[in-house]
Protein chains: 2
Amino acid sequence: MCAQTPRYRELYEKLRKHILEGVYKPGDLLPSENELCAVNQVTRPTVRQALNLLANEGYIKKRQGLGSVVQSPPRGVGILSLSGTTSAIGSDNLKTEAIVKPNVRPWPPNFIFELTEVERESGCIYFERLRFVNDIPIFYDISYLPNINLPRFTSRSLNNVSLFDILREHYQIQVKGGEQNILAIKADERIQEHFGVKKNHPILRLDRKMETNREGFSFYSQIYCNTEDYRLTGRF
Amino acid sequence: MCAQTPRYRELYEKLRKHILEGVYKPGDLLPSENELCAVNQVTRPTVRQALNLLANEGYIKKRQGLGSVVQSPPRGVGILSLSGTTSAIGSDNLKTEAIVKPNVRPWPPNFIFELTEVERESGCIYFERLRFVNDIPIFYDISYLPNINLPRFTSRSLNNVSLFDILREHYQIQVKGGEQNILAIKADERIQEHFGVKKNHPILRLDRKMETNREGFSFYSQIYCNTEDYRLTGRF
DNA sequence: ATTTACTACTTGTATATACAAGTGCAAATT
DNA sequence: AATTTGCACTTGTATATACAAGTAGTAAAT
């Protein structure tokens, strides 16, 4: 009786969906906070909490005295920030292909993030995926999940589904936040092959730690990104 | 009688300072929300607003039933998110050197961000700086400010001072948020020279738009970053 | 001795309310 | 006609309060 989604979160999801579906178009004003109160039967602080989430993620921009203006979606691929319930990696025209299926193995030595004793002992579930935006390979990512209480995970298919969704629906795990490091590297042979680029092609690497609602449970991914055509976007 | 800093912001600044100064060390618990209420003569929503800012920026992590745990500072150079009042680019061991002093010129064609009519007509204040972390050149950044109501700006010295501070103190301009794009590129000749790297060295480029409290006033910077030794870090 | 239950704390969510401050438009004044 | 004033709206900030839910230690029961 704990993990039920709070009302401000429900409202956030609803408004976000409406914006993405075009019910509210860029430049439009969202209903005022008081209207949203009345329509959704909640109070203004609750509405404001929902709107703040939307504003932080760039869906709307609030202007005192005017209202909440719906923003036009960023031109690139959003990945720098993500919502707690959905992967923020694009949405349309995104295909995912599992290159290496989930399997259990020990953690790599000198892992990109520090691990707890429990994590290290449990080993990790490892898999690799390639993600296409408009049929162009843009992301190549390697995921590492601690092998702790994730029954039947290795037999799941990961094609065209969000890891975030699987974790939420089947394991009640939600991402609450995380940490990321970004650097530029040269494409090594493996990357060259996946992206079809030449040697020395500059590639962006993201190392991410995803922290979840399950205490002490984090998972990790290393994402290689070809920013030649699609760059990463984010707000702060 | 508008731009006075709100109380939650004051509390945020105070706690942030204390954390940075080591009054509260990583792993410590911050005083509980109720204690902070009593000490600072504010109510819990106000305290929570301040703590949320700290949590978003990774200074603390809140744990229900326990308290607010102070986090250890990230290992890299924080730039992916920034606070409204201080530049988030490092803090210690950071030197800045102006390579091209501020001068007025027309905006470049095909600018990295869309400009309003007013901005384009006014021209821009342009300057270049090189930033050193521990005496190693890490950032090379080009700044573009709309030439609108910024008296005597071009005669200011920009060595070892934060642009954010200058704008805040002399022009009452505060950064409220912004947008950024990230991509990986090869070092061109200019970059090679500044960073002392070879041809084809991968470099990270950030294009940033900073939105301010002055309506319609944004400024821009293009930051080249050598992530060989220092990577960019951020939370989400 | 081990387990259980309780208690006193913590943060999370939600309501209700009030006033300040910015925006835009219409009405009143000049 | 042009300017100013005022009003009705918006979001921003702040207070006061209540209960839910997670944590950790202690006391009680087995």
Strictly distance-based, threshold 3.5 Å: is any side-chain N or O of B/Lys17 a donor or acceptor partner for the main-chain N or O of B/Lys14?
no
Just wondering, are more than 12 heavy atoms of other shown residues or ligands nearer than 6.0 Å to NZ in B/Lys101?
no
Of the nucleotides C/dG12, D/dT11, C/dA14, which one has an atom closest to the side chain of B/Gln64?
C/dG12
Hey, does the side chain of A/Thr43 come within less than 4.0 Å of C/dA14's phosphate (OP1/OP2), counting only N and O?
no
Aromatic centroids of A/Trp107 and A/Tyr220 separated by under 6.0 Å:
yes
Quick note, A/Lys62 side chain, CB onward, closest among D/dG12, C/dT15, C/dT13 is D/dG12
When you get a sec, tell me which of C/dT11, D/dA14, D/dT23 is the closest nucleotide to the side chain of B/Leu66?
D/dT23
Looking for any heavy atom pair under 4.0 Å, which part of the strands does A/Arg44 touch: base, sugar-phosphate only, or nothing?
base
Considering only heavy atoms and no angle criterion, is a donor-acceptor pair shorter than 3.5 Å present between the side chain of B/Arg63 and the base of C/dG12?
no
Pick the closest DNA chain C nucleotide for A/Pro45 and for B/Gly65 by heavy atoms, then say which residue is nearer the 5' end.
B/Gly65
Close aromatic pair by centroid cut-off 6.0 Å: B/Phe127 and B/Tyr144
no
Where the side chain of A/Ser32 is defined as all heavy atoms beyond and including C-beta, which of D/dT15, D/dT13, D/dT10 is the nearest nucleotide?
D/dT10
Taking OH from A/Tyr12 and P from C/dT13, how many angstroms apart are they, rounded to a whole number?
15 Å
Under 30°, 30 to 60°, or over 60°: which ring-plane class applies to A/Phe164 and A/Phe219, parallel, tilted or perpendicular?
perpendicular
Taking N and O atoms by type only, does the side chain of A/Arg48 place a donor or acceptor under 3.5 Å from a partner on the base of D/dT13?
no
Would you say A/Tyr8 reaches C/dT13's phosphate, i.e. side-chain N/O to OP1/OP2 under 4.0 Å?
yes
d(CG, A/Leu36; C1', D/dT11) in whole Å:
12 Å
Per the atom types in the model, does the base of C/dT13 pair as donor or acceptor with the side chain of A/Arg9 at under 3.5 Å?
no
With a cut-off of less than 4.0 Å, is there a side-chain N or O of A/Thr46 near OP1 or OP2 of C/dA14?
no
